[in-house]
Amino acid sequence: MKTNRLYSFLLLLSAALGVSAESPKQEFRGAWLHTVYQGQYKKQTTAQNQAYLRNLLDSLQLTGVNAVIFQVRPQADAFYDSKLEPWSRFLTDDGAKPKPYWDPLQFMVEECHKRGMELHAWLNPYRVTTNAKQTLPKGHIYHKHPERFVRYDGKLYFNPGLPENREFIGKVVEDIVSRYDIDAIHFDDYFYPYPAKGKDFDDAAAFAKYGKGMARDDWRRHNVDLLIEELNTRIKKLKPWVRFGISPFGIWRNKTSDPRGSDTNGLQNYDALYADVLLWEEKGWIDYLLPQLYWELDHKAASSRILADWWNENSGHNRHLYIGQDVERCMSKGELGEKVEISRSRQNVAGNCWWPGYSVTRNSGGVADSLASDLQKDIALVPPSFWLSSTTPAAPTKVSVEPGGVIAWQAPAPQGKIGDVTRFVIYRFDSPENIDVKDASAIIAVVPDMSFKTTEPGTYVVSALDRVNNESEPSVPVLIQ
């Protein structure tokens, strides 16, 4: 209840400060970059891949995106240097190290942070293969412990009912969190596999051993609950500021199955994927929910308009709620603007995420033009995760203008703590009398370094952001003539 009151207070404070719904200063603007079945990475050289990713990030930045969700574990393999799993089949052949060597996750962390953007490391927990023809490299854990896996509909999965699999997945997550300066761990909608008609997921032996006294469906949900709870504990023990986000399928339950459910008629997280995502938020095991509301606004079976209202009413009270938007459907149906307006007018919705990010970078249907020139034309800050820390950092000090239009300042060096200052927000105003840091249009850059070069005359102030996006008071102003 205390957290709910704090959240309501912050919302009222934002309204009192005049934060615009049309151009919010704080808004999550994510983009998913998936690597599963993306053949370009294997075809390109190291240098070509790095240039390609830089161009993607530059394009996303121009459209106002402030967080990149990069898939680093598509199929129990790695787009990073892992000692636990082989290099991804979508990056190299047969688990071999890329030549010349590079670490895509480390590269993306550095490149995103250079641009003032967050990097969320996206993992699929249970999936190992996506068709019956795929083979696994010699060093894969499947070859050591085939009894820990289930083949279902021709595809291979970790058995979620085995504690040793939860332990292994936990070690994978710990390895990433401990070695990389990521902002979040991200899971999508794949938990237990999507059901195949007439086929049963064969976990009978595990159920007999570990599910005594429980119904099979309840036991399966309990298995996923345990994984989510344990992963959050592991993450926060290592780095309390690293968030844990889930992007579930867009329907929790239909009203025909549960009075709390939505007025929809589609597959259900709770019943088909055994993912009780509302419970995870209620228990505080996750830091954000990002439901995939890919349907049209007035889709007969699953209206994204109805679902946006349902998620707004049933989540986002104690943690952040963002909406996953399908770019191609938004543009083909002409619904982009209205979907963004809906997200900004719902009290508990704190932003959007674009699927796939590649559609944004290739300007599919003109989406990049619309975002850059209108809907996301002003820079926005990722909303602060106040439940992790609500302490604001100190403002930058000793702000000065150096030759060549370089604004410089000082701030304490990071100490490996949640309150570390990691980025700085640069504001420009026409005159000292016009300073208003509530105005999103005044933000001209978010940078990781303690200097910024500009040639545009004006009055400038700088604020500091900590690891969970708490913002300091503005610095003293400086004038560039």
Side-chain angles (χ1 to χ4, degrees), residues 23-33 53-70 105-121 180-184 186 241-243 320 322 350-354 357 360-361 368 371-372 375-385 392-393 395-396 399 405-414 418-428 437-454 456 460-475:
S23 184
K25 177 182 169 181
Q26 294 178 342
E27 182 175 57
F28 184 87
R29 298 172 178 174
W32 281 287
L33 292 178
L53 288 169
R54 286 193 187 99
N55 287 334
L56 291 181
L57 295 180
D58 287 342
S59 297
L60 292 173
Q61 185 180 27
L62 288 173
T63 65
V65 166
N66 54 24
V68 172
I69 301 176
F70 183 58
L105 176 54
Q106 182 60 34
F107 177 83
M108 287 293 280
V109 168
E110 293 173 359
E111 292 295 324
C112 283
H113 288 176
K114 283 179 186 177
R115 293 163 176 78
M117 303 161 80
E118 293 191 342
L119 190 285
H120 296 212
Y180 297 92
D181 189 21
I182 61 172
D183 299 285
H186 179 92
W241 58 88
V242 172
R243 281 152 280 157
H320 281 164
Y322 317 131
N352 296 285
C353 191
W354 305 106
V360 177
T361 60
L371 294 176
L375 299 171
Q376 295 183 172
K377 63 183 176 63
D378 296 324
I379 295 173
L381 309 180
V382 174
S385 299
T392 56
V399 185
V406 175
I407 304 170
W409 58 88
Q410 293 185 9
I418 197 168
D420 287 344
V421 170
T422 57
R423 285 166 297 146
F424 302 91
V425 186
I426 317 299
Y427 296 85
R428 182 203 165 276
V437 294
K438 301 182 294 295
D439 181 5
S441 67
I443 301 175
I444 61 171
V446 178
V447 300
D449 303 316
M450 287 185 280
S451 65
F452 179 76
K453 182 177 175 61
T454 181
E456 186 175 4
Y460 290 81
V461 298
V462 184
S463 66
L465 294 175
D466 69 12
R467 292 185 183 274
V468 294
N469 296 303
N470 291 305
E471 185 181 14
S472 74
E473 293 294 321
S475 70

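Because the structure is a prediction, the values reported are computed rather than measured.
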Enquirer: Do F452 and I444 pass the side chain to side chain contact (heavy atoms under 4.5 Å, CB included) test, and can you show the C-alpha distance, the side-chain angles, and the key distance before you say yes or no?
Expert: CA-CA 10 Å; F452 179 76; I444 61 171; 3.7 Å; yes
Enquirer: Rounded to the nearest 0.5 Å, how far apart are OH of Y322 and CZ of R29?
Expert: 13.0 Å
Enquirer: Identify the heavy atoms of L57 and M108 that sit nearest to each other, and give their distance.
Expert: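 Here L57 and M108 meet closest at CD2-CE, 3.9 Å.
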Enquirer: Which distance, rounded to the nearest 0.5 Å, do you find between the CG of D449 and the NE2 of H113?
Expert: 12.5 Å
Enquirer: The test is side chain to side chain contact (heavy atoms under 4.5 Å, CB included); show your working for R243 and V382 and say whether it passes.
Expert: CA-CA 12 Å; R243 281 152 280 157; V382 174; 4.1 Å; yes
Enquirer: For the backbone of P396 and the side chain of S475, can you confirm whether one donor and one acceptor N or O come within less than 3.5 Å of each other?
Expert: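 Not a single qualifying donor-acceptor pair exists.
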Enquirer: Quick check: closest heavy atoms across A350 and P383, and the distance to 0.1 Å?
Expert: O-CG, 3.8 Å
Enquirer: Looking only at heavy atoms, which two atoms of Y427 and V437 are closest? And how far apart?
Expert: CE2-O, 3.6 Å
Enquirer: What is the minimum heavy-atom distance between E27 and G351, and which atoms define it?
Expert: CG-CA, 3.8 Å
Enquirer: Any idea which heavy atoms bring I182 and V242 closest together, and the distance?
Expert: O-CG2, 3.7 Å
Enquirer: Do you see a donor-acceptor pair shorter than 3.5 Å between the side chains of N469 and Q26?
Expert: no
Enquirer: Find out whether L119 and Y180 are in side-chain contact, i.e. whether some heavy atom of one side chain is under 4.5 Å from a heavy atom of the other.
Expert: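 A side-chain contact is absent here, since even the closest heavy-atom pair is not under 4.5 Å.
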Enquirer: Please check if the side chain of D183 supplies one atom and the backbone of H120 the other of a donor-acceptor pair under 3.5 Å.
Expert: no
Enquirer: Minimum heavy-atom separation for L105 and A121, please, with both atom names.
Expert: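 Between these two residues, the closest heavy atoms are CD1-CB, 4.5 Å.
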Enquirer: Using side-chain hydrogen bond (donor to acceptor under 3.5 Å, both in side chains) as the criterion, point out the one residue from E471, E473, R423 that pairs with S463.
Expert: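 Passing option: E471.
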Enquirer: How many angstroms lie between atom CZ of F28 and atom SG of C353, to the nearest 0.5 angstrom?
Expert: 5.0 Å
Enquirer: Distance check, rounded to the nearest 0.5 Å: D378 atom CG versus D439 atom CG?
Expert: 7.5 Å
Enquirer: With rounding to the nearest 0.5 Å, note down the distance linking OG1 in T454 to OH in Y460.
Expert: 3.0 Å
Enquirer: H320 side chain to P384 main-chain N or O, any donor-acceptor pair under 3.5 Å?
Expert: yes
Enquirer: Which pairs count as side chain to side chain donor-acceptor pair (under 3.5 Å) when at least one residue sits in residues 57-70, sequence neighbours excluded?
Expert: D58-R115
Enquirer: Determine the sole option in V462, V461, V447, L465 for which the side chain to side chain contact (heavy atoms under 4.5 Å, CB included) test with V425 is passed.
Expert: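 Of V462, V461, V447, L465, side chain to side chain contact (heavy atoms under 4.5 Å, CB included) with V425 is met by L465 alone.
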Enquirer: Can you measure from CD1 (I407) to NZ (K453) and round to the nearest 0.5 angstrom?
Expert: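 So the CD1 of I407 and the NZ of K453 are separated by 10.5 Å.
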